[in-house]
> 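My structure is below; once you've seen it, I'll send some questions.
Residues take their numbers from the sequence shown, with the count starting at 1. A quick note: this is a predicted structure, and the numbers were derived from the prediction, not measured.
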Amino acid sequence: MMYDVNKIRKDFPILSREVYGKPLVYLDNAATTQKPRCVVEAMVDEYYNVNANVHRGVHFLSQKATDLHEASRETVRRFLNARTTNEILFTRGTTESINLLAFSFGEAFVNEGDEIIVSTMEHHSNIVPWQMMCERKGAILKVIPMSDEGTLNLDEYEKLLTPRTRIVACTHVSNVLGIVNPVKDIINIAHSHDIPVLIDGAQSVPHFAVDVQDLDCDFFAFSGHKIYGPTGIGVLYGKEEWLDKLPPYQGGGEMIKNVTFEKTTYNELPYKFEAGTPDYIASHALATALDYVSTLGMDNISLHEQTLTHYAIDRMQQIDGMHIFGTSHNKDAVISFQLNKDGNLIHHLDLGTLLDRLGIAVRTGHHCAEPLMHRLGVEGTVRASFGLYNTKEEVDVLIESIQRVMQMF
């Protein structure tokens with residue numbers, strides 16, 4: 001299909017608004033994406049017409065709500081190309097998905113002196129849960145090093161693997177650098193040592209097609225709100241043979257089979273990991289979002305965003321004093337940068353605040369990746385991140401606004 005970005009933008013009402021009297025240029029998609037009408041309408045329609053608690057009710061509304069919820073699980077399975085819906089767990093987002101895995105995996109497989117491997121460029125959500133587990137179990141956290149360009153050192157990575165390594169957890173795409181990591185190589189190397197791998201897909205799933213069977217990852221996490229779906233819903237994919245071995249993360253509600261005061265037996269997959277009432281409204285809306293991007297075509301979205309990213313980088317590199325972080329060729333729709341004027345650094349917060357007054361929404365700070373900032377030797381950056389609805393004209397506005405801000409200093 002022809003990719004008509006101006007037609008697509010009409011699906012997103014918020015993009016037509018103004019801020020401070022300027023047309024909104026929304027370039028904070030790595031933090032969260034805007035929502036198309038169909039997603040919001042799906043939520044409204046279910047609340048008004050099909051709202052009832054799922055799974056346990058025998059009445060009409062409960063059965064209809066259950067059907068929608070479980071159909072949504074099948075939509076996610078198909079989107080990721082998982083083998084079965086038993087491998088699709090609904091969570092509140094990537095953060096909860098990783099916390100679930102870190103707790104349950106740690107309880108089952110990690111002992112004192114064991115080792116967990118993460119990379120230098122991880123989001124805090126793929127660091128802190130593993131640190132908490134290491135503190136609880138007496139395990140050791142090890143880190144894959146990174147080059148100045150933002151490339152993970154796979155030779156050094158392989159040297160980190162030992163008989164005590166229990167799991168590798170790595171981001172698919174850096175939320176700061178936009179670097180697409182060679183996760184298939186990372187997975188293959190780990191599997192050659194019989195070590196499972198979690199991939200944090202929060203920044204990959206919105207931008208290009210992901211096939212978990214092709215990757216052969218053991219676990220994969222992503223958030224609905226970063227792929228044009230609602231907040232408060234996400235997914236943890238896990239190979240069935242692994243999920244069968246893990247104990248539940250939380251207790252109560254749907255995760256039980258039988259309860260007595262002497263003993264509780266747990267439900268089958270995937271319900272063993274879904275305690276309490278799920279956000280069945282959001283799961284349906286997430287499925288609607290996945291259908292939306294699937295109709296546009298993930299390859300079309302990827303091509304559009306790659307074209308936009310390369311165009312933005314080319315234009316930004318023409319600005320004196322511009323420094324872009326993450327220069328590896330395999331780069332996705334995220335650009336983090338700093339700006340110098342006459343040898344003096346313009347603070348990222350000042351730059352972001354002034355761009356905001358010109359109608360441009362960007363992110364400033366450490367982007368929940370403080371260890372990566374320390375590796376880069378900076379306190380923070382400005383981050384522009386693109387979505388399927390951004391345009392070259394918006395990039396031009398960003399460039400003109402950066403140049404205007406520079407004149408203020």
> If you count the non-hydrogen atoms of other residues, nucleotides and ligands that lie under 6.0 Å from CZ in R136, is the total more than 12?
yes
> Atom OG1 in T120, atom CG in L376: separation rounded to 0.5 Å?
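Answer rounded to 0.5 Å: 9.5 Å.
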> Using side-chain heavy atoms (C-beta onward) and a distance below 4.5 Å, is R9 in contact with T391?
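Counting from C-beta outward, R9 and T391 do come under 4.5 Å.
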> Could you check if a side-chain atom of Q131 sits within less than 4.5 angstrom of a side-chain atom of C134, using non-hydrogen atoms only?
no
> Side chain to side chain contact (heavy atoms under 4.5 Å, CB included) with P36: which of T33, V39, V40?
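Going through T33, V39, V40 one by one, the side chain to side chain contact (heavy atoms under 4.5 Å, CB included) with P36 is satisfied by V39 alone.
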> May I ask you to decide if the ring planes of Y271 and H55 are parallel, tilted or perpendicular, using 30° and 60° as cut-offs?
perpendicular
> So which heavy atom on T288 is nearest to which on C38, and how close?
CG2-O, 3.6 Å
> When you measure from the side chain of N330 to the backbone of V180, do you find a donor-acceptor pair of N or O atoms at a distance under 3.5 Å?
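Yes, the answer is positive, given that a donor and an acceptor are paired below the 3.5 Å cut-off.
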> Considering residues at least two apart in sequence or located in another chain, which fulfil the side-chain contact (heavy atoms from CB on, under 4.5 Å) criterion with M322?
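Once residues adjacent in sequence are excluded, the partners of M322 under the side-chain contact (heavy atoms from CB on, under 4.5 Å) criterion are M316, I319, I324, F337, L339, I402.
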> Listed by chain and number, what are the side chain to side chain donor-acceptor pair (under 3.5 Å) partners of T162, not counting sequence neighbours?
E115
> Between the side chains of T66 and Q63, does any donor sit under 3.5 Å from an acceptor?
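Side chains of T66 and Q63: no pair found under 3.5 Å.
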> Is a donor on one side and an acceptor on the other found under 3.5 Å between the side chain of S223 and the backbone of H225?
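No, S223 side chain to H225 backbone: no donor-acceptor pair under 3.5 Å.
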> Any salt bridge (Lys or Arg N to Asp or Glu O under 4.0 Å) pairs touching residues 218-237, not counting sequence neighbours?
D218-K239
> Can you check whether S385's main-chain N or O pairs, donor with acceptor, with N29's side chain at less than 3.5 Å?
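Indeed, once roles are kept as given, a pair shorter than 3.5 Å links the two residues.
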> Going by the rule side chain to side chain donor-acceptor pair (under 3.5 Å), which residues pair with T75 if we only count those two or more places apart in sequence or in a different chain?
none
> Just checking Y266: does its OH atom have more than 12 heavy atoms from other residues, nucleotides or ligands closer to it than 6.0 angstrom?
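No, OH of Y266 has 12 or fewer neighbouring heavy atoms, counting only those of other groups under 6.0 Å.
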> Quick check: closest heavy atoms across A190 and V197, and the distance to 0.1 Å?
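Heavy atoms of A190 and V197 come nearest at CB-CG2, 3.4 Å.
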> Could you work out, with side chain to side chain donor-acceptor pair (under 3.5 Å) as the rule, every residue matching N181, not counting sequence neighbours?
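Here no residue qualifies.
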> Quick one: sort the Y228 and Y389 rings into parallel, tilted or perpendicular, breaks at 30° and 60°.
perpendicular
> Atom CG in L80, atom OH in Y237: separation rounded to 0.5 Å?
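Those atoms lie 8.5 Å apart.
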> Considering only residues two or more places apart or on different chains, which pairs with a residue in residues 85-97 satisfy salt bridge (Lys or Arg N to Asp or Glu O under 4.0 Å)?
R83-E87, R92-E96
> Mind checking side chain to side chain donor-acceptor pair (under 3.5 Å) for H366 and listing every partner two or more places apart, or none if nothing turns up?
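Scan of H366 (side chain to side chain donor-acceptor pair (under 3.5 Å), adjacent residues dropped) gives none.
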> Any chance NZ of K341 has more than 12 other-residue heavy atoms, nucleotides or ligands included, within less than 6.0 Å?
yes
> Is there any side chain to side chain donor-acceptor pair (under 3.5 Å) pair reaching into residues 200-211, and which pairs are they, with sequence neighbours excluded?
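Output for this query lists N81-D211, H172-S204, H207-E305.
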> Please round to the nearest 0.5 Å and tell me the distance separating atom CG of D28 and atom CD1 of I360.
12.5 Å
> Only counting residues at least two apart or in another chain, list the ones meeting side-chain contact (heavy atoms from CB on, under 4.5 Å) with N340.
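So N340 forms a side-chain contact (heavy atoms from CB on, under 4.5 Å) with L345.
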> With side chains defined as the heavy atoms from C-beta onward, is the minimum distance between D216 and K184 less than 4.5 Å?
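No, too far: nothing below the 4.5 Å cut-off.
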> Is there a salt bridge (charged side-chain N to carboxylate O under 4.0 Å, His left out) between R315 and D396? Walk through the geometry before answering.
CA-CA 8 Å; R315 290 221 57 193; D396 292 337; 2.8 Å; yes
> Going by atom types only, do N51 and Y280 share a side-chain donor-acceptor pair under 3.5 Å?
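Yes, because at least one side-chain N or O of N51 sits under 3.5 Å from a partner of the opposite role on Y280.
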> Side chains of M133 and E107: does their closest heavy-atom pair fall under 4.5 Å?
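When only atoms from C-beta onward are counted, E107 and M133 do not touch, as no gap falls below 4.5 Å.
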> Between T381 and H367, is the side chain to side chain donor-acceptor pair (under 3.5 Å) condition met? List the steps.
CA-CA 8 Å; T381 68; H367 315 298; 2.8 Å; yes
> Using side-chain heavy atoms (C-beta onward) and a distance below 4.5 Å, is W130 in contact with V118?
yes
> Can you find a pair of side-chain heavy atoms, one from F409 and one from N344, that are under 4.5 Å apart?
no
> Answer yes or no: does atom CG of D320 have more than 12 heavy-atom neighbours from other residues, nucleotides or ligands under 6.0 Å?
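At most 12 heavy atoms, drawn from other residues, nucleotides or ligands, come within 6.0 Å of this atom.
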> Measure across A65 and A52 and return the closest heavy-atom pair with its distance rounded to 0.1 Å.
CB-O, 3.4 Å
> What do you reckon, is CD of E379 surrounded by more than 12 foreign heavy atoms closer than 6.0 Å?
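Not more than 12 within 6.0 Å, no.
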> Looking at every heavy atom in both V293 and L290, which two are closest together, and how far apart are they?
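Looking at all heavy atoms of both residues, the closest pair is CG2-O, 3.3 Å.
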> With side chains defined as the heavy atoms from C-beta onward, is the minimum distance between I8 and Y292 less than 4.5 Å?
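They are in side-chain contact.
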> Atom CG of L154 and atom CG of L160: how far apart are they, to the nearest 0.5 Å?
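Reported to 0.5 Å precision, the distance equals 11.0 Å.
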> Could you check whether the rings of F325 and H323 sit parallel, tilted or perpendicular, using 30° and 60° as the cut-offs?
perpendicular
> Listed by chain and number, what are the side-chain contact (heavy atoms from CB on, under 4.5 Å) partners of E41, not counting sequence neighbours?
R37
> Would you say the side-chain atoms of H304 pair up with the backbone N or O of N300, donor to acceptor, closer than 3.5 Å?
no
> So does Y311 get a backbone contact from the side chain of D314, meaning a donor-acceptor N/O pair under 3.5 Å?
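Side chain of D314 to backbone of Y311, a donor-acceptor pair under 3.5 Å: no, none is there.
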> What's the spacing between L177 CG and R375 CZ if we round to 0.5 Å?
10.0 Å
> Which residues satisfy the side-chain contact (heavy atoms from CB on, under 4.5 Å) test with S147, sequence neighbours excluded?
E149, T151
> What residue pairs, at least two apart or across chains, pass salt bridge (Lys or Arg N to Asp or Glu O under 4.0 Å) with a residue in residues 50-65?
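Matches after skipping sequence neighbours: R56-E254.
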> Provide the closest heavy-atom pair for P270 versus I88 in the form atom of the first, atom of the second, distance.
CB-O, 3.5 Å
> So does H329 have more than 12 non-hydrogen atoms from other groups sitting under 6.0 Å from NE2?
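12 or below, so no.
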> Between atom CG of N175 and atom CG of L372, what is the distance when rounded to the nearest 0.5 Å?
8.0 Å
> Answer whether the closest heavy-atom distance between the side chains of M373 and V176 falls below 4.5 Å.
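Yes, their side chains come closer than 4.5 Å.
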> Taking only Lys NZ, Arg NE, NH1 and NH2, and the carboxylate oxygens of Asp or Glu, determine whether E241 and K245 approach each other closer than 4.0 Å.
no
> Check L24 against A361 and note the closest heavy-atom contact, atom names and distance.
CD1-CB, 4.5 Å
